[in-house]
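Right, one structure below, let's go through it.
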Amino acid sequence: MEIERLSGALGAEIHGVDLNRDLGQATVRGLRQALLNHLVIFFRDQDLPPARLLAFGRYFGTVVEYPFISGLPDFPEITPVIKLEHETVNFGGVWHSDTTYLEEPPLGSILLAREVPAAGGDTLFANQYLAYETLSAPIRALLDGLHAVNISTKADVSRSREDRIRSNPTEKSNTAFMARHPAIRTHPETGRKALYVNCAHTDQLDGLSRGESDALLGYLFRHQVQPEFTCRFHWRPGSIAFWDNRAAQHYPINDYNGCRRVMHRITLQGDRPH
């Protein structure tokens, strides 16, 4: 196994691993450590059938279903992430950490490209350890004592999943979720602190007035996705991204109107942030 870093901030491409084969314990340990070190790891030319995609995810945790969109008919844990040729809004098309409105947000997500446009449709990732560590000491001290209210009904992110909910709903599609988490999260495996708010789901900081909260969150939302904290990944069919949702955010770029993009995603169960 070879690991090639993609940027100074985060991200690494893994070479020499065939995910269509059963993985040994040493390989799984190496991949988990690469994920912890780089926050998002990428693979190329991995044309996995659904059963193999699930098998890969289960090396790293329990695969759980996404609450708003039904999975594949024979594989309900695999969520189809699709933008069709006539659609102009893409799924999840805003900077975010996945489903922070749940009491136990995911450990991470694994996304496999099935069909991609000839150009466009890249995904950006941002390192939230760096976002925390580059804040001034007084702001870090303030945030260390605050909790963020995260909701599933913020307008931008709700709009981005409307088409898929209409075509592929679940029993929970109309449910409003809310969870309160620390604004600064300590990673359960590395012990490092990460900024844990995001513009898609974080509505308010507890204990502050609405005006104070909006002003501070507005600054944090801009700060946490500065270019020097990011990497960019260009998809090809068979490409895989596996990101650590506890310390990284992502943003699928919507620059391919008129083209079709089909991805398969699985989500790994996480724990309650501390």
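For this chain, numbers begin at 1 and follow the sequence in order. Here the structure is a predicted model, which means the values were calculated and not measured.
- Once rounded to the nearest 0.5 Å, the distance linking CG of Asp45 with NE2 of His15 reads 10.5 Å.
- In this structure, Lys154 contributes its side chain and Cys199 its backbone to a donor-acceptor pair below 3.5 Å.
- In this structure, Arg210 pairs ionically with Asp214, as a charged nitrogen and a carboxylate oxygen lie closer than 4.0 Å.
- Distance check, rounded to the nearest 0.5 Å: OG of Ser70 to CD1 of Ile78 gives 13.5 Å.
- Note that the OG1 atom of Thr100 and the CD atom of Gln249 stand 8.5 Å from one another [nearest 0.5 Å].
- For the residue pair Val94 and His96, the shortest heavy atom distance occurs at O-ND1, 2.6 Å.
- At a threshold of 4.5 Å between non-hydrogen side-chain atoms, the residues His223 and Thr134 count as touching.
- Linking Ile, Leu, Val, Met, Phe, Trp and Tyr residues whenever their side-chain heavy atoms come within less than 4.5 Å leaves Val40 and Tyr251 in two separate clusters.
- Between Trp243 and Leu111, some side-chain heavy-atom pair lies under the 4.5 Å cut-off.
- Remark: the backbone N or O of Leu208 is not paired with any side-chain donor or acceptor of Ser213 at under 3.5 angstrom.
- When the side chains of ILVMFWY residues are joined at heavy-atom separations under 4.5 Å, either directly or via intervening members, Ile184 and Phe221 end up in a single hydrophobic cluster.
- Note on Asp271 versus Arg185: salt bridge recorded, some NZ/NE/NH1/NH2 to OD/OE distance being below 4.0 Å.
- A distance of 14.5 Å separates CD of Glu115 from NZ of Lys83, quoted to the nearest 0.5 Å.
- Remark: side-chain polar atoms of Glu13 are not paired, donor with acceptor, to backbone N or O of Leu6 under 3.5 angstrom.
- Between the Arg261 side chain and the Pro117 main chain, no donor and acceptor come within less than 3.5 Å of each other.
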Q | Full working for side-chain contact (heavy atoms from CB on, under 4.5 Å) between Leu143 and Leu216 | A | CA-CA 10 Å; Leu143 291 172; Leu216 182 51; 4.0 Å; yes

Q.
Quick one, Phe91 with Met263, criterion side-chain contact (heavy atoms from CB on, under 4.5 Å). Give me CA distance, side-chain angles, the key distance, then yes/no.
A. CA-CA 11 Å; Phe91 181 91; Met263 321 289 275; over 6 Å; no

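- The residue from Phe242, Phe56, Phe233 that alone fulfils the ring-ring contact (aromatic ring centres under 6.0 Å, His included) condition with Phe43 is Phe56.
- Annotation: the span from Glu2 atom CD to Ile14 atom CD1 amounts to 10.0 Å, rounded to 0.5 Å.
- Under the 3.5 Å distance criterion, the side-chain polar atoms of His274 are left unmatched by any main-chain donor or acceptor of Thr186.
- Residue Phe75 holds its CZ atom at 10.5 Å from NE2 of His264, rounded to the nearest 0.5 Å.
- Shown here is Met178, whose CE atom has no more than 12 heavy atoms of other residues, nucleotides or ligands within 6.0 Å.
- The hydrophobic cluster containing Ile110 also contains Ile3, counting ILVMFWY residues as joined when their side-chain heavy atoms lie under 4.5 angstrom apart, directly or transitively.
- Between the side chains of His181 and His147, no donor N or O sits under 3.5 Å from an acceptor N or O.
- Judged by distance alone, the side chain of Asp255 and the main-chain N or O of Gly120 form no donor-acceptor pair under 3.5 Å.
- Taking each heavy atom of Glu228 and Ala9 in turn, the nearest pair found is O-CB, 3.4 Å.
- Counting only distance, with no hydrogens or angles, the side chain of Arg236 and the backbone of Val116 share no donor-acceptor pair below 3.5 Å.
- Inspection of the Thr267 and Asp98 side chains reveals no N or O donor paired with an N or O acceptor under 3.5 Å.
- Side chain of Arg29 to backbone of Arg32: no donor-acceptor contact under 3.5 angstrom is found.
- Taken together through direct or relayed side-chain contacts under 4.5 Å among Ile, Leu, Val, Met, Phe, Trp and Tyr, Leu102 and Tyr66 form part of one hydrophobic cluster.
- No side-chain heavy atom of Leu146 sits under 4.5 Å from any side-chain heavy atom of Asp206.
- Side chain of Arg140 to backbone of Leu135: a donor-acceptor contact under 3.5 angstrom is found.
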Q: Go through the steps for Asp244 and Glu189 under the test side-chain contact (heavy atoms from CB on, under 4.5 Å), then give the verdict.
A: CA-CA 11 Å; Asp244 189 332; Glu189 294 185 73; 5.6 Å; no

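- Within the 4.5 Å cutoff, no side-chain heavy atoms of Leu39 are placed close to those of Phe125.
- A distance-only check finds a donor-acceptor pair linking the side chain of Gln46 to the backbone of Leu19 [under 3.5 Å].
- Among all heavy-atom pairs drawn from Tyr101 and His201, the shortest one is CE2-CE1, 3.4 Å.
- Residues Thr230 and Trp95 meet the side-chain proximity criterion, which asks for heavy atoms closer than 4.5 Å.
- Using a 4.5 Å heavy-atom threshold, the side chains of Asp47 and Arg114 count as touching.
- At a threshold of 4.5 Å between non-hydrogen side-chain atoms, the residues Asn90 and Tyr256 count as touching.
- A pairwise comparison of heavy atoms in Pro273 and Pro182 identifies O-CD, 3.7 Å as the closest pair.
- Of all heavy-atom pairs between Thr202 and Ala148, the closest is CG2-CB, 3.7 Å.
- The minimum heavy-atom distance between Leu195 and Tyr132, with the atom names listed, is N-CB, 3.6 Å.
- Side-chain atoms of Tyr59 and Thr27, non-hydrogen and from C-beta on, never get closer than 4.5 Å to each other.
- Leu220 is not connected to Tyr196 by any chain of hydrophobic side-chain contacts under 4.5 Å among Ile, Leu, Val, Met, Phe, Trp and Tyr, and they are in different clusters.
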Q. What's the verdict on side-chain contact (heavy atoms from CB on, under 4.5 Å) for Phe60 and Leu31, showing C-alpha distance, side-chain angles and the deciding distance?
A. CA-CA 9 Å; Phe60 303 96; Leu31 292 176; 3.9 Å; yes

